[in-house]
Colleague: 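Right, I'll just put the structure down here and ask away after.
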Amino acid sequence: MVSPSPLDPTRSPAAFYGAELRRLREKAGLSQQELADLVFISGTYVSQLEKATRRPQEDLSRQLDAALEGDGHLERLHSLVRATRRRQFADYFVEAAEHELQAKTILEYAPLVVPGLLQTQAYAKATILAANPLLGEEKLEEHLMGRLERQALIVAPTRLLFWVVLDEAVLRRVVGSRKIMAEQLRYIAELIAQRQVIVQVVEFDAGAHALLGGMISLMAFDDAPPLAYMESVNVGHLVDETALVEKCRLAYDFVRAAALSQEESLVRIMKAVEEHEDASHSQ
């Protein structure tokens, strides 16, 4: 099974925060549950913070510092995580990325490119550079780390339910190279096989459908109203109006009904892998 690389604490502020939280907790001789009881959260929440699958909040960081006698260390690290996250993402996506961390379910329709939560590093690099061809190495690394951190959501033990419908164009468009495409689609196929995500493909032959207008992501939460996020070139916006979110959800359901089943989609994805591999070998 191909999976995202573990987050490097020396490169990821979120992972460094988690490592420092674990260090302070162990120094205090506390289990995750014992620390959780002191700050009135769950042991699972502490585990998620330590593994960087959930982002720290300012108030909680202050409480953790008090419980662990951290002398403001975690609160300062929280500020670093927040500042870095704003550098990792376009301004219009920062708020959506924060909501994504809290989501219980994400339903996404991808018309042109593989969703960020499923991208391999090589594919992500190709998409980032396509939009920003003069991007420096440091900034490129920040963007790549941001996407890698997001992917922890779908491989964590308490991962969210991620259901995505890919347009056939996503399978066919060559991003980076044929080799990169084959690796990317094989990675998605492995995630499907391991039951980490649900993926359907809507073929060109399905004709017109309710989401021809573009990408959409629908987020549902345990204790908050659902949201819809839509994005186009250099523009993205969140929708929280209940009636409109419901219309978006209905449109998504229509597209999902028009798509291939997951089993048929897996076959179609593997066919695309073979096509890209054959084309790569013949070049």
Side-chain angles (χ1 to χ4, degrees), residues 53-55 57-58 82 85-86 88-119 124 127-128 131 143 146-147 149-154 156 158-171 173 188 191-192 196-262 265:
T53 59
R54 192 162 185 172
R55 296 297 172 273
Q57 302 298 316
E58 184 175 6
R82 186 175 182 181
R85 197 158 179 81
R86 291 192 173 276
Q88 289 173 334
F89 302 117
D91 290 343
Y92 59 80
F93 184 65
V94 171
E95 188 178 358
E98 292 300 322
H99 285 295
E100 191 178 71
L101 291 168
Q102 310 301 324
K104 176 182 179 181
T105 302
I106 296 179
L107 309 177
E108 186 163 335
Y109 168 66
L112 297 173
V113 296
V114 172
L117 286 174
L118 300 181
Q119 290 179 5
T127 60
I128 291 169
H143 282 285
R147 294 198 187 181
E149 288 182 353
R150 288 175 64 209
Q151 290 177 5
L153 292 171
I154 62 172
T158 55
R159 64 183 182 270
L160 58 77
L161 169 61
F162 186 52
W163 190 320
V164 60
V165 177
L166 301 176
D167 193 277
E168 185 177 344
V170 176
L171 309 186
R173 182 176 300 280
I188 293 174
L191 288 175
I192 295 171
Q196 301 257 0
V197 297
I198 299 174
V199 179
Q200 291 179 263
V201 174
V202 57
E203 295 186 301
F204 292 147
D205 288 347
H209 60 69
L211 290 176
L212 286 177
M215 171 270 177
I216 191 167
S217 179
L218 299 162
M219 292 177 271
F221 309 87
D222 280 327
D223 53 3
L227 295 171
Y229 173 73
M230 289 167 274
E231 185 176 292
S232 56
V233 180
N234 296 321
V235 177
H237 63 278
L238 283 163
V239 176
D240 59 6
E241 184 182 341
T242 302
L244 185 51
V245 173
E246 282 300 313
K247 287 183 179 179
C248 292
R249 173 60 187 264
L250 183 59
Y252 184 86
D253 287 342
F254 286 149
V255 175
R256 188 160 50 178
L260 300 174
S261 68
Q262 176 153 268
S265 296

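Note: hydrogens, waters and symmetry copies are ignored here, and every other heavy atom, side chains too, is used.
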Colleague: At their closest point, which heavy atom of Leu117 faces which heavy atom of Phe162, and how far apart are they?
Modeller: CD1-CE1, 3.8 Å
Colleague: Tell me if a side-chain donor or acceptor on Gln200 pairs with a main-chain N or O of Leu260 at a distance below 3.5 Å.
Modeller: yes
Colleague: Please tell me if the side chains of Pro115 and Leu166 come closer than 4.5 Å, counting only heavy atoms from C-beta onward.
Modeller: yes
Colleague: As a test of understanding, state which of Val201, Leu118, Val197 forms a side chain to side chain contact (heavy atoms under 4.5 Å, CB included) with Val164.
Modeller: Leu118
Colleague: Measure the spacing between CD1 of Ile216 and CG of Leu107 and express it to the nearest 0.5 Å.
Modeller: 9.5 Å
Colleague: Locate the shortest heavy-atom distance separating Ala259 from Val165; write the atom from each residue and the value.
Modeller: CB-CG1, 4.2 Å
Colleague: Does Ser217 use its side chain to pair, donor to acceptor, with the backbone of Tyr229 at less than 3.5 Å?
Modeller: no
Colleague: Between NE2 of His209 and CZ of Arg256, what distance do you get to the nearest 0.5 Å?
Modeller: 14.0 Å
Colleague: Of all the heavy-atom pairs spanning Leu218 and Cys248, show the shortest one and how long it is.
Modeller: CD2-CB, 3.8 Å
Colleague: Distance-only, no hydrogens or angles: does the Gln119 side chain make a donor-acceptor pair with backbone N or O of Val114 under 3.5 Å?
Modeller: yes
Colleague: At what distance, to the nearest 0.5 angstrom, does OG1 of Thr127 lie from CZ of Arg173?
Modeller: 12.5 Å
Colleague: Please determine whether side chain to side chain contact (heavy atoms under 4.5 Å, CB included) holds for the pair Leu211 and Tyr252, giving the CA-CA distance in whole Å, both sets of side-chain angles, and the decisive distance to 0.1 Å.
Modeller: CA-CA 7 Å; Leu211 290 176; Tyr252 184 86; 4.2 Å; yes
Colleague: I want to check something: taking the side chain as every heavy atom from C-beta on, are Ile198 and Leu161 in contact at a cut-off of under 4.5 Å?
Modeller: yes
Colleague: Keeping the roles fixed (side chain from Glu168, backbone from Val202), state whether a donor-acceptor pair exists under 3.5 Å.
Modeller: no
Colleague: For a side chain to side chain contact (heavy atoms under 4.5 Å, CB included) check, start with the C-alpha distance between Leu238 and Met219, then their side-chain angles and the critical distance, and finish with the verdict.
Modeller: CA-CA 10 Å; Leu238 283 163; Met219 292 177 271; 3.9 Å; yes
